[in-house]
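A short worksheet on the structure shown next.
Chain letters run A, B, ... following the sequence lines, proteins first and then strands; every chain starts at 1.
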Number of protein chains: 2
Amino acid sequence: MKTGDQELVKKINKSIVLQTIQASSPISRAQISKESGLNKATVSGLVSELMEEDFVLEIGTGLSSGGRKPVMLYFNQTAGYAIGIDLGVNYILAVLTDLQGQVVEKMEEPLEETSPGVVLPLLKNIINTLMQRQPSSPYGVVGIGVGVPGITDNNGSILFAPNLNWEQVNVKQDLEQYFKLPVVIENEAKAGAHGENIHGAGRRSSDFVYISLGIGIGTGIIIDNKLYKGARGMSGEMGHVTIDANGKKCRCGNKGCWELYSSESTLLEQAAKLPSMEGKELNLDELIQEADSGNGEVLSLFSRIGEYAGIGLTNVVNTFNPEQIIIGNRLSKIQRWLENPVHHVLEQRLFPPFYEGLDVSFSQFGIESCALGSAAFSVEAFFSENKVTVT
Amino acid sequence: MKTGDQELVKKINKSIVLQTIQASSPISRAQISKESGLNKATVSGLVSELMEEDFVLEIGTGLSSGGRKPVMLYFNQTAGYAIGIDLGVNYILAVLTDLQGQVVEKMEEPLEETSPGVVLPLLKNIINTLMQRQPSSPYGVVGIGVGVPGITDNNGSILFAPNLNWEQVNVKQDLEQYFKLPVVIENEAKAGAHGENIHGAGRRSSDFVYISLGIGIGTGIIIDNKLYKGARGMSGEMGHVTIDANGKKCRCGNKGCWELYSSESTLLEQAAKLPSMEGKELNLDELIQEADSGNGEVLSLFSRIGEYAGIGLTNVVNTFNPEQIIIGNRLSKIQRWLENPVHHVLEQRLFPPFYEGLDVSFSQFGIESCALGSAAFSVEAFFSENKVTVT
DNA sequence: TGTAAGTTTGTTTTAACGATAAACAAAGTA
DNA sequence: TACTTTGTTTATCGTTAAAACAAACTTACA
């Protein structure tokens with residue numbers, strides 16, 4: 001049981017000060033005091049500690065409004081860096097971000113083979129390259145976050161990743177021993193949700209659901225600005241919510257799962273049956289080209305995928321009554337063609353008070369949400385160790 | 001933004017002390033100190049405040065283990081009372097509980113007509129009767145909680161209750177003006193979930209979903225021991241999750257909603273078509289009698305309802321990965337016949353790691369969860385005003 | 001242009017509050 | 001008599017807040 005003491009009070013207030021600076025930089029001490037409700041003296045004290053710790057910088061003075069000029073404070077976002085990885089099914093996307101989540105370096109490598117024996121060495125290579133490219137800074141790289149397309153447990157093991165064909169692989173332990181840095185492993189949709197919450201389209205919502213429309217469908221649930229993980233860290237498998245009780249059998253054991261009707265796999269599977277696609281290469285980018293050049297069959301396929309996406313989203317909204325829904329991952333590339341059918345189905349199927357005021361957005365980062373969210377996990381773990389929490 | 005100060009620290013610690021007493025009463029000051037990690041002096045001080053406020057009593061001494069005998073402390077659960085109401089579709093169930101949630105008085109009245117003009121005066125009558133029957137106590141009745149079968153907003157208005165045929169009725173304002181007491185209005189399933197979390201089958205889980213199988217289906221979502229309300233207080237309408245994308249139209253606007261396949265309405269509707277029920281009265285108790293006397297048609301109807309309950313529950317589990325699912329409200333009366341088909345479907349449809357360790361329980365209070373949860377809301381509001389929070 | 005008056009910023013000083021540690025008194029057991 | 005356990009008292013520490021203050025600036029006006 002966590003008791004209350006002065007350390008807790010200080011941690012809370014120091015976090016408030018740092019967050020205020022992050023959110024409204026440049027800002028003066030006086031203004032922080034007004035915004036937060038903390039006394040001027042308290043703010044002054046906490047700011048000097050943050051400056052000693054290199055998290056805050058004084059840069060010049062601001063404009064006076066009839067008195068002494070304020071000293072402006074900045075969040076020193078380059079005091080350290082974090083590495084975020086999106087371990088996709090057929091690619092690895094890696095970013096080096098600063099403490100504010102700005103991408104400094106980026107790498108992408110295709111994955112031909114997905115066995116751990118091939119992937120893990122490649123992963124280490126990529127991380128090493130990014131480490132070498134980091135600018136010099138007081139704290140250096142503070143941690144590594146990895147988003148994976150599968151079910152993880154709280155020890156950083158990947159319990160099951162069907163699309164990689166992995167079972168029981170402890171990536172966290174492996175990377176921590178190799179790099180001597182804290183490593184966070186999280187499901188790809190959960191990491192994406194977190195990325196959107198911290199830096200992206202979900203910054204202004206405290207309660208939203210991120211839908212990862214990729215090879216399969218995953219969801220990340222943000223409640224009160226916190227990721228909901230579930231009892232054993234396996235929440236959000238809404239891709240396996242039944243939308244047709246007597247539908248096709250899914251390999252998860254259930255029937256009529258949502259992702260059998262609306263995902264990249266399904267899209268490609270159904271595209272293969274189109275007469276107009278005979279003999280052509282079958283991948284998402286190719287289909288986008290076809291759609292762009294007016295292939296009616298592809299267009300109506302996109303539309304059908306969008307309608308089924310809408311049916312699943314109706315379930316999401318009835319369950320969570322979120323402020324916002326954010327659609328991300330690979331299929332966010334076909335936003336243009338999904339948007340209309342999705343909205344149409346939602347409007348038709350939702351009870352009006354649920355539809356009113358509902359914001360359906362697409363990811364701001366496209367495919368990068370997951371890597372950015374993973375990096376953000378590491379940044380938070382770092383701050384949390386430094387007696388400051390930033391959310 | 002809530003800053004940290006000493007008041008916060010004290011509130012946290014005082015709550016810890018009171019909760020420890022509630023959980024482990026009778027208990028000595030020294031033992032509280034050991035269990036909570038708080039210093040003996042701190043505990044002593046907080047306990048004397050709690051005693052002055054009549055929340056804690058000293059009753060005699062305990063056994064010595066080789067030194068001075070400890071003075072044993074009790075939570076004074078009869079320092080005040082709360083009223084909890086379950087406003088059902090065809091009944092009003094009202095309870096008077098003490099601060100620990102023990103039922104002291106109970107009343108149940110049938111509802112023939114559901115218009116606000118009839119229901120509200122009756123409701124006031126019932127509450128008045130309970131008020132008169134309360135034992136004398138330092139704080140008296142500290143509040144009134146009402147669970148309603150509909151969608152509420154954060155101002156205590158009932159936005160929409162289809163089964164009562166109510167729209168925009170501000171029960172909170174009405175009752176508060178009449179009784180001069182704090183009133184909490186909440187959706188029936190949310191109140192039930194809270195009741196089970198505080199006093200019932202969900203005491204030991206921090207993350208579970210309560211399924212109210214009544215005239216319709218509602219769900220209450222408990223995350224981290226807190227009720228999740230959703231952006232506009234309308235979360236948990238999982239009765240309207242589509243389980244058959246092209247199924248029957250529901251009046252909510254959606255198609256193939258779960259509650260069209262597994263609820264009391266559906267049960268009675270389908271029972272009406274059974275040859276063996278011709279000419280007999282159609283209600284739940286009658287059907288239970290038929291099942292008890294071996295009516296095969298009714299038994300297989302119960303079984304089918306159970307299977308569809310299982311299909312919806314699969315969706316709940318894939319979405320939340322809860323520790324526990326609790327089934328409550330009217331259909332918990334036919335637990336005996338639902339249990340097997342529900343478990344069978346879950347085992348068949350769930351991915352094994354989701355099924356393992358999942359606890360599917362039925363409500364401990366049967367139909368009373370909602371009234372008890374509503375009363376508990378009032379108790380908490382009362383403590384929260386007294387600078388103590390109890391969860 | 002010069003100066004007095006007022007304003008804003010940020011620091012210093014002091015007080016208040018709550019938790020803790022240590023000493024202590026009280027009440028028991030062996 | 002020696003030891004243990006309980007619960008209170010006392011002194012100290014860390015943290016915030018209020019008030020006083022110094023510094024730096026703007027504005028108004030002669």
Next on the checklist: OP1 or OP2 of dT16(D) versus the side-chain N and O atoms of Asn13(A): is any pair under 4.0 Å?
Outcome noted: yes
Checklist entry - If only side-chain N and O atoms of Arg29(A) are considered, is one of them under 4.0 Å from the OP1 or OP2 phosphate oxygen of dT11(C)? => result yes
Checklist entry - dG18(C) P sits how many Å from Ile12(B) CD1, rounded? => result 13 Å
Checklist outcome for this item: Exactly one candidate in Asn155(A), Thr152(A), Asn154(A), Ile144(A) meets side chain to side chain contact (heavy atoms under 4.5 Å, CB included) with Ile185(A); the answer is Thr152(A)
Checklist entry - Within this structure, what is the CG-to-P distance between Leu8(A) and dC13(D), rounded to whole angstrom? => result 22 Å
Next on the checklist: Taking the nucleotide of DNA chain C with the nearest heavy atom to each, does Ala30(A) or Thr3(A) sit closer to the 5' end?
Outcome noted: Ala30(A)
Next on the checklist: Just to be sure I understand the rule, does Ser28(A) reach a base, reach only the sugar-phosphate, or reach nothing, if contact means heavy atoms closer than 4.0 Å?
Outcome noted: sugar-phosphate
Checklist entry - Going by an N to O cut-off under 4.0 Å, is there a salt bridge joining Glu323(A) and Arg204(A)? => result no
Checklist entry - Taking Ser235(B) for the side chain and Ala231(B) for the main chain, is one N or O donor matched with an acceptor at less than 3.5 Å? => result no
Checklist entry - Between atom OG of Ser369(A) and atom CD of Gln364(A), what is the distance when rounded to the nearest 0.5 Å? => result 9.0 Å
Next on the checklist: Just the rounded figure in Å: distance from P of dT15(D) to CD1 of Ile16(A).
Outcome noted: 15 Å
Checklist entry - So, the side chain of Asn197(A) versus the backbone of Gly200(A): is there a donor-acceptor pair under 3.5 Å, distance only? => result no
Checklist entry - Quick one: is dT6(D) close enough that its OP1 or OP2 comes under 4.0 Å of any side-chain N or O from Lys34(B)? => result yes
Next on the checklist: Does a side-chain N or O of Asn39(A) approach OP1 or OP2 of dT16(D) to a distance below 4.0 Å, or not?
Outcome noted: no
Checklist entry - Tell me, which of residues 41-54 of chain A have any heavy atom that sits under 4.0 Å from an atom in DNA chain C? => result Ala41(A), Ser44(A)
Checklist entry - Taking Asn76(B) for the side chain and Asp54(B) for the main chain, is one N or O donor matched with an acceptor at less than 3.5 Å? => result yes
Checklist outcome for this item: When rounded to whole Å, the NZ to C1' distance for the pair Lys2(B) and dT16(D) reads 12 Å
Item to check | Donor/acceptor link under 3.5 angstrom from Gln6(B) side chain onto base of dT16(D) | outcome: no
Which atom pairs link the protein and nucleotides 22-30 of chain D when you take only N or O atoms and keep those under 3.5 Å?
{"from": "dA24(D)", "atom 1": "N3", "to": "Arg68(A)", "atom 2": "N", "distance (Å)": "3.3"}

Item to check | Under-3.5 Å donor-acceptor pair between Lys10(B) side chain and dG18(C) base | outcome: no
Checklist entry - Under the 3.5 angstrom rule, does the side chain of His199(A) hit a backbone N or O of Gln100(A) as a donor-acceptor pair? => result yes
Item to check | Phe320(A) side, atom CZ; Phe320(B) side, atom CZ - distance, nearest 0.5 Å | outcome: 4.0 Å
Item to check | Value in whole Å for how far the C1' atom of dA25(C) lies from NZ of Lys40(B) | outcome: 11 Å
